Amino acid sequence: QVQLVESGGGLVQAGGSLRLACAASGRTASTYAVGWFRQAPGKEREFVATINRSGESTYYADSVKGRFTISRDNAKNTVYLQMNSLKLEDTAVYYCAARRSYYYATIRDLYDYWGQGTQVSVSS
């Protein structure tokens, strides 16, 4: 069992930056691949970024490629999402998720554990 807690959300102006953190507790978090997803009001939860268990491989949604960076510090059981050049359309609740696998995934249903989410709001 793994518990995930997101932090770092908030209100930022367009063009600004935020860094989200996903802290894991319970079984060794480094044994899990992790993904970030987001859900805007009235929309389905969508994939944002993912990283494999070792941190060597990452993958991004086209909408955030070149602006967001996912990374992990297995010694701290934490995965980060650095978000730069934020746009109005990045406004959403951001969730981290973990899956019992070495390999990353972009499909929501392949994840076993979810955090409670953190709100990111981008203003003009």
Side-chain angles (χ1 to χ4, degrees):
Q1 190 77 11
V2 173
Q3 293 78 43
L4 304 172
V5 178
E6 302 96 335
S7 62
L11 176 65
V12 64
Q13 286 192 323
S17 298
L18 282 175
R19 188 176 80 156
L20 305 183
C22 174
S25 60
R27 294 194 62 180
T28 306
S30 61
T31 63
Y32 297 83
V34 173
W36 284 97
F37 292 76
R38 67 186 180 186
Q39 188 166 18
K43 295 188 176 181
E44 290 193 356
R45 193 171 299 187
E46 66 174 4
F47 165 74
V48 176
T50 183
I51 189 166
N52 73 344
R53 192 171 68 193
S54 67
E56 294 175 339
S57 295
T58 59
Y59 190 81
Y60 299 90
D62 287 343
S63 58
V64 306
K65 201 173 295 182
R67 299 188 299 121
F68 290 11
T69 302
I70 189 171
S71 62
R72 67 190 300 160
D73 184 339
N74 286 342
K76 296 182 178 180
N77 285 339
T78 302
V79 173
Y80 303 97
L81 185 67
Q82 177 67 44
M83 306 187 296
N84 299 329
S85 303
L86 283 161
K87 304 177 180 180
L88 295 178
E89 52 264 41
D90 294 319
T91 294
V93 177
Y94 283 71
Y95 299 88
C96 69
R99 63 188 301 257
R100 294 186 298 264
S101 173
Y102 178 87
Y103 300 100
Y104 64 57
T106 63
I107 301 173
R108 189 175 59 192
D109 291 346
L110 293 180
Y111 285 84
D112 303 295
Y113 306 102
W114 291 82
Q116 83 290 347
T118 185
Q119 177 70 48
V120 171
S121 299
V122 183
S123 65
S124 59

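Just so you know, these numbers come straight off a predicted model, no measurement behind them. Numbering starts at 1 and runs along the sequence shown.
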How long is the straight-line distance from [atom2] of [Y] back to [atom1] of [X], given to the nearest 0.5 Å?
| X | Y | atom1 | atom2 | result |
| --- | --- | --- | --- | --- |
| Arg100 | Tyr32 | CZ | OH | 6.5 Å |
| Thr50 | Ile107 | OG1 | CD1 | 11.0 Å |
| Ser123 | Leu11 | OG | CG | 4.5 Å |
| Asn52 | Tyr104 | CG | OH | 8.0 Å |
| Gln39 | Tyr95 | CD | OH | 5.5 Å |
| Tyr113 | Cys96 | OH | SG | 13.5 Å |

Kindly give the heavy-atom pair with the smallest separation between [X] and [Y], and that separation in Å.
| X | Y | answer |
| --- | --- | --- |
| Val2 | Ala24 | CG1-CB, 4.1 Å |
| Phe47 | Thr106 | CB-O, 3.4 Å |
| Thr78 | Ala21 | CG2-CB, 4.1 Å |
| Ser85 | Ser17 | N-OG, 4.3 Å |

*asked:* Evaluate Met83 against Arg67 for side-chain contact (heavy atoms from CB on, under 4.5 Å), listing each step before the verdict.
replied: CA-CA 6 Å; Met83 306 187 296; Arg67 299 188 299 121; over 6 Å; no
*Walk me through it: do Trp36 and Val64 pass the test side-chain contact (heavy atoms from CB on, under 4.5 Å)?*
CA-CA 11 Å; Trp36 284 97; Val64 306; over 6 Å; no
*Min side-chain heavy-atom separation Phe68-Asp90 under 4.5 Å*: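 The answer is yes, as the side chains (C-beta and beyond) meet within the 4.5 Å cut-off.
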Under the 3.5 angstrom rule, does the side chain of [X] hit a backbone N or O of [Y] as a donor-acceptor pair?
| X | Y | result |
| --- | --- | --- |
| Arg72 | Gly55 | no |
| Asp112 | Ser101 | no |
| Tyr60 | Ile70 | yes |
| Glu6 | Gly117 | yes |

*Is it the case that Arg108 places NZ or CZ above or below the six-membered ring of Phe37, under 6.0 angstrom from the centre and within 45 degrees of the axis?*
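Arg108 over Phe37 ring: no.
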*Walk me through it: do Gln116 and Val5 pass the test side-chain contact (heavy atoms from CB on, under 4.5 Å)?*
CA-CA 7 Å; Gln116 83 290 347; Val5 178; 4.2 Å; yes
*Short N-O contact, Asp62 and Lys65, less than 4.0 angstrom*: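 Salt bridge flag = yes for Lys65 with Asp62.
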*Determine, using the 4.5 Å side-chain heavy-atom cutoff (strictly less than), whether Tyr80 and Leu86 are members of one ILVMFWY cluster.*
no
*Under a 4.5 Å side-chain heavy-atom rule over Ile, Leu, Val, Met, Phe, Trp and Tyr, are Val93 and Trp114 clustered together?*
yes
*asked:* Around atom CD of Glu44, are there more than 12 heavy atoms from other residues, nucleotides or ligands closer than 6.0 Å?
replied: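 No, because the 6.0 Å sphere around CD of Glu44 holds 12 heavy atoms or fewer from other groups.
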_Please identify which of these residues, Thr91, Leu20, Leu81, meets the side-chain contact (heavy atoms from CB on, under 4.5 Å) condition with Val120._
Leu20
*Is it true that the side chains of Tyr94 and Arg38 contain a donor and an acceptor less than 3.5 Å apart?*
yes
*Between Ser54 and Tyr102, do the side chains contain an N or O donor and an N or O acceptor separated by less than 3.5 Å?*
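Result is yes, a qualifying pair exists.
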